[in-house]
Structure formats: structure tokens, C-alpha cells
Amino acid sequence: MDINQLVRKNVQKLTPYQSARRIGGNGDVWLNANEYPVAPNFQLTEQNLNRYPEAQPEQVINRYAQYAGVTPEQVIVSRGADEAIELLMRAFCEPETDTVLYCPPTYGMYQVSAETLGIKTKTVPTKSNWQLDLDGIKQNLDNVKLIYVCSPNNPTGNMIDQDDIKTLLKLAENRALVIIDEAYIEFSPNSTVVSWLANYPHLVILRTLSKAFALAGLRCGFTLANKPVIDALQKVIAPYPLATPVADIATQALSKDGINTMKLHVINLNNQKEKLANQLSALEIVEEVYPSEANYLCVKFQSNKEVFSKLWNEGIILRDQSKSIGQDGFIRISIGTQAECEAVITALKAI
Ligand SMILES: *Cc1c(COP(=O)(O)O)cnc(C)c1O
């Protein structure tokens, strides 16, 4: 029996997200998933695993709300920001008719989630400076319910211009939600648009503990929005999305100490990033190192295939971007420890 015949048609056609873990590699230097390079130390304090967890653990919600500068009713917690990307589609989009719009090069999960759910997609590539093509977006808003904008953008590292986001919010008024994916905002915290929630009922902000908080393995993310949006998401989220140990550790990560530790990570990585960018720029095989507001650098090489595979063979795993729209020749390098950054430079100098 051909089980594949039973699989939903859109899933048969689906290319799964090429996550860093899925791509594999045999490395000692992992710089392809924008993770924090050192494991933080947490102890579980909650032992009662015989009971179901709180659906939306109160301490996690309250602490995140306080950290982000919103009210608890403006927060929902989920299994990573990735789940939030999908919850928005499940709550707001009719399969086969409604459309989500995003602007490549950008994060790959907007497309994968939409395709999984049978929701249509429209892409309006960014301009050559990686800013929004607002005219293009304006002409493509028919049936669009959700517009995903990543800022700082993954993989390019730039912030999206705030005046452009305001214009986009105006264009989307009364027709679509504008979702600003701030997965990396801790590396450039003054650029958050969170205070705009007061003025825009259709603004949604995505956050995560996976990047600056060094907890990618925890799977914990947040959606910030006004209550009507949060209420719609509460309807479609799983009954117990967060395991008790996840809520336990998230609560600790969001304590005063936890937040101070995260801020030290950011200072450290931002310094490391500047150093790595300078060293890369000095190499002949590097065409350009782009300014980055996040914990990775987007780098254009004369021969990115060769660079990627040579470093891969030495156990240094980077992210080859060349299959993404507008990213031919590009490699994304996550900022690791000082030793890891030095290993990259040493390996590149040998090419
Ligand atoms: C890493 C990342 C996410 C996913 O975050 P999780 O909380 O780990 O699911 C979402 N958006 C962007 C842009 C990311 O880079």
C-alpha cells in the first residue's frame, strides 16, 4: 500500500524546513542556527509531573509581560515563536482562500507553515537594500490576512525601517495583521515596536527565548498583541502547550538575574560580532560583510560553495544561503565563542 497516496496533497508537495539540525554535519563548531554558543545552567525546581501543567503559566506570562513592557493580557506563550507563526495562520486564515505575505530573503518558516496548512502565500521581495517594497506590497494585498516582517531580519541582519513599518500598518488597516518577528530584538533592544501596540490593534510581535536568552532547546516563545488577537490565538493553541519543566526554566530565565545574564550575553556577542566582522572584511575571499543588528553575520563570498564545504569538512558548520531568493553567494555565520570565531578566521585564511 502506498501510504504517500493518503497524505494530504499539499503535504505530499511540501519541502520541510531545512533546519540546522536536519541538514546534519559532523562539526565541533556549530554556527548555523543562531544559537547561543554556551549552555546556561538551570535546575528544575518543579517536581510534580503527575499533573497537567497550567495552560498559560501565570509566572511566565507575568514576568514576560513585565520584561517586554506590556500587560499580561497582551501575552501568549507557545512552543517557540515557530508555533506562534502557525497559530496566527490557524486562527486567522481560511485555507485555500486567504493569503499570507512575506518579503524574501527572510525567515523560512512563514512559507513552510502556510504550505503545511494549505494557506496561499505571496512574496514581495525586499528592495536591493533589504528594505520593504511598499509599492509592491500595496499592489498585492488582495486576500492577504497576515503580513510577516522579520526585524532584525534573518538572514540579512538589518532592521526594517520603522517609518516603513508604520506605512505598512496604514496599508493593512482594517484588512490584515502585521506581524513583526522580533526573535533577535535583544541584540538591538531600542528598535522594538512593542510600544506601538497601544496605537495599532492589528500589530502582532513575536519573541523567543531561543536566541539571546540561550534557550533554543527549551522551545519557548511569545506573541505580544492586543487582547482580541490574543483571545483568537487562545482558541486554537493546544490545551497544554508548555511542559512543566519548560515553564519552570522559563520562569527562572525571566527573573531579574536571568534577564541580567541575558544582557551580558548580548554585550559579549555584540563585541564578538564586531571583531569577527572586521576580521572577515580584511580577507580577500570576502566580498562584503553586511552590518548586523543580530547574533549572526550575513557575508558575501567570491565562492560561497567552496567556503561552505571546506569549512564543513573541517567541522565548522555555517549556513549556506545560496538557495534563498536574493541570497546567491551568501553565507550566514552565527556568532559563537571567541575560540569559535577564531577557528572560522583561521580556516578561511587557509583557503
Ligand atoms: C529562530 C527564529 C524563530 C524561531 O524561534 P523559536 O522560538 O525557536 O521557535 C522565529 N523567527 C525567527 C526570525 C528566527 O530566526
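Indexing begins at 1, ligand by ligand and atom by atom, following the structure's order.
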Do L224 and L254 share a hydrophobic cluster, counting only Ile, Leu, Val, Met, Phe, Trp and Tyr and linking them when any side-chain heavy atoms are less than 4.5 Å apart?
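Yes, it is one cluster - the side chains of L224 and L254 are joined through contacts under 4.5 Å.
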T71 and Q74: side chain donor to acceptor below 3.5 Å:
yes
Could you check whether Y184 and N34, counting side-chain N and O atoms only, form a donor-acceptor pair closer than 3.5 Å?
yes
Take a 6.0 Å sphere around CD of Q66 and say whether it holds more than 12 heavy atoms from other residues, nucleotides or ligands.
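Count not over threshold, so no.
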Within a 6.0 Å radius of atom CD on E58, are there more than 12 heavy atoms belonging to other residues, nucleotides or ligands?
no
Full working for ring-ring contact (aromatic ring centres under 6.0 Å, His included) between Y107 and Y102
CA-CA 9 Å; Y107 186 51; Y102 54 90; over 10 Å; no
Under 6.0 Å from the six-membered ring centre of F222 and within 45° of its axis: does the NZ or CZ of R207 meet both?
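Negative - R207 is either too far from the ring of F222 or too far off its axis.
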Using distance alone, decide if ligand 1 has a nitrogen or oxygen within less than 3.5 Å of any nitrogen or oxygen in [X].
| X | answer |
| --- | --- |
| Y110 | no |
| N154 | yes |
| A81 | yes |

Give the residue and atom name of whichever protein heavy atom lies nearest to [atom], and the separation in Å to one decimal.
| atom | value |
| --- | --- |
| atom 4 (C) of ligand 1 | D82 OD1, 3.3 Å |
| atom 15 (O) of ligand 1 | Y184 OH, 2.6 Å |
| atom 10 (C) of ligand 1 | Y107 CE2, 3.4 Å |

Using a strict cut-off of 4.0 Å, indicate which atoms of ligand 1 neighbour a heavy atom of [X].
| X | result |
| --- | --- |
| S210 | 6 (P), 7 (O), 8 (O) |
| C150 | 13 (C) |
| R219 | 6 (P), 8 (O), 9 (O) |

Give the ring-plane orientation class for Y290 versus F330, where under 30° counts as parallel, over 60° as perpendicular and anything between as tilted.
tilted
Region of K211 that comes within reach of ligand 1 [heavy atoms, distance under 4.0 Å]
side chain
Does only the side chain of D181 get under 4.0 Å from ligand 1, or the backbone, or both, or neither? Count heavy atoms.
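The answer is the side chain of D181.
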